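First the structure, in the form of structure tokens, and then the observations on it.
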Protein chains: 2
Amino acid sequence: MEKDKIDKKEHILDVAEKVFADLGYDGASTRTISGEAGVNMAMLNYYFGSKEGLFLAVFERKINSFRTLLQNIGSDGSMNAWDKLDKCIDNYVERIIANNCFQKLINREVSMNKRGDLTDKIIEILMVNVYEVKRIMEEGVNTGLFHADADIPMVIATLFGTKNYIVNMPQLSSLILGHDIRDEKFMENELKPRVKTYMKRLLKAYLVKEHDNSK
Amino acid sequence: MEKDKIDKKEHILDVAEKVFADLGYDGASTRTISGEAGVNMAMLNYYFGSKEGLFLAVFERKINSFRTLLQNIGSDGSMNAWDKLDKCIDNYVERIIANNCFQKLINREVSMNKRGDLTDKIIEILMVNVYEVKRIMEEGVNTGLFHADADIPMVIATLFGTKNYIVNMPQLSSLILGHDIRDEKFMENELKPRVKTYMKRLLKAYLVKEHDNSK
DNA sequence: CAAAATTAATCAAACGATTGATTAAGCGTA
DNA sequence: TACGCTTAATCAATCGTTTGATTAATTTTG
């Protein structure tokens, strides 16, 4: 049936995403990917032209689904900046941890300076989300809800950096947290709510007006 | 002069560090490294045994100087947990931003899942520093200085994650911060003090006892 | 001290293994 | 049969590493 054709390509992309994330672009050989996917090596070139073509296909498939990630929480008039920030955190924790393989891929690729055209595209898309968060935080400052001296750009670095650290260095954060974070159940039932709660408390403590931010 | 002989190994390590940082472990071939260093290919194996040995030599040279630094802070009886935390932040910001190439290299390799022996060694070394910071924070909790409900492992993820984010994704953080962070002057005169101040305020706001951490 | 013996450093060349990619033959279905 | 899919076999290139020979430096010996 023609369905198998489509599903096989998707299956290859699924496997390739994971292998690329685990081993890096150079470390992931076409033989490893095809072997893991249970298909003949030549199928990769047949479907995607080349290794780089496969890599790009992995990216474009995911990136398209990422485009609408933060669906304009900022423009929702029924929420104040605190609620919006909470919603951002919730959405991000859910999304990032669910796609942690791809997240590792993104970070490795961006941290690598080569392959500039692809990197530029990734950054451009990532910035859409960054600006959305930034806009919400600045709204909080402007409406007087957040601390006036808050360093918003740095808060963004903390928000994204903390979750990146957990996702990108699972061996390290597993040791720190005392559990293997690659365990699905622990991830879903404990880590996700824990990260959400922590991030909200952390940012709230810093952004709240009452505390002294000038020391 | 006989100095050249000793300096040659150091020179190879210098070049290897840069090439590894630019291209990654897999991407950096022994031919590229030896070529860039202006030495014969066989010298890498002659001096360091293997490519992996060279990589570990690069790694250990950098990490060793930092290891004792944190340990001295933790065991200093004249400081309380707040002072120690401040000092940790100062040292880390100075150190990591000054060695951002090396930091990118570390993160890229640790984020990989396979190649166990090499990654395990790196993690083992990194954990020494992590545990030292963790010990200081737990001291703050146990002595009643820090908030009892503070999520220390997550705070560590924030501490390291925020800095990693800035260093690893310079293109992104440059856009967020509004300046090119690869500009030496901006980095030294503005970014470093800014990150220090921010990290101290952020962690203090979260760790301080007075604020409500239970919402 | 000078000649001889030993060690260390360096090199070009080549090793076997693996890389990404291509080929031509075979397969199943319409 | 004809066409899209799949396969094993094979390609040249590159990988990390090893080799044997050569030179430079050091030590030992007479």
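Numbers restart at 1 for each chain; the letters A, B, ... are given by sequence-line order, proteins then strands. A quick note: this is a predicted structure, and the numbers were derived from the prediction, not measured. Below, each value reflects all heavy atoms present in this structure, side chains not excepted, and no hydrogens, waters or symmetry copies.
Electrostatic pairing of B/Lys185 and B/Glu190 does not count as a salt bridge here, judged by no charged N lying under 4.0 Å from a carboxylate O. Ion pairing of A/Arg61 with A/Asp14 is present here, as a side-chain N (NZ or NE/NH1/NH2) and a carboxylate O approach within less than 4.0 Å. A salt bridge links A/Lys18 with A/Asp22: at least one charged nitrogen is closer than 4.0 Å to a carboxylate oxygen.
If you take CZ of B/Phe48 and C1' of D/dT17, they are 16 Å apart, rounded to a whole angstrom. Computed from coordinates, the A/Met41 CE to D/dC11 P distance equals 14 Å when rounded to whole Å. The CE-P distance, from B/Met43 to D/dT18, rounds to 15 Å in whole Å. Summarising the geometry, the separation between CG on A/Asn45 and C1' on D/dA8 is reported as 15 Å, rounded to the nearest angstrom. What separates OH of B/Tyr46 from P of D/dT23 is a distance of 17 Å, to the nearest Å. One can place CZ of A/Arg31 at 10 Å from C1' of D/dT10, the figure rounded to the nearest angstrom. A straight line from CD of A/Glu52 to C1' of C/dT19 spans 15 Å, rounded to a whole angstrom. Rounded to whole angstrom, the span from the NZ atom of B/Lys8 across to the P atom of C/dA8 amounts to 17 Å.
Residue B/Tyr47 has its side chain nearest to C/dT10 when only D/dG16, C/dT23, C/dT10 are considered. Side-chain proximity of B/Lys51 to the nucleotides C/dC11, C/dA21, D/dG16 is greatest for D/dG16.
A perpendicular orientation is assigned to the rings of B/Tyr206 and A/Tyr198, their planes being inclined by more than 60° (bins at 30° and 60°).
Side-chain N/O atoms of A/Ser50 include none lying less than 4.0 angstrom from OP1 or OP2 on C/dG20. Taking 4.0 angstrom as the limit, A/Asn40 places none of its side-chain polar atoms (N or O) nearer than this to OP1 or OP2 of D/dT6.
Residue contacts shown for B/Thr30 include a base, since a base heavy atom lies under 4.0 Å away.
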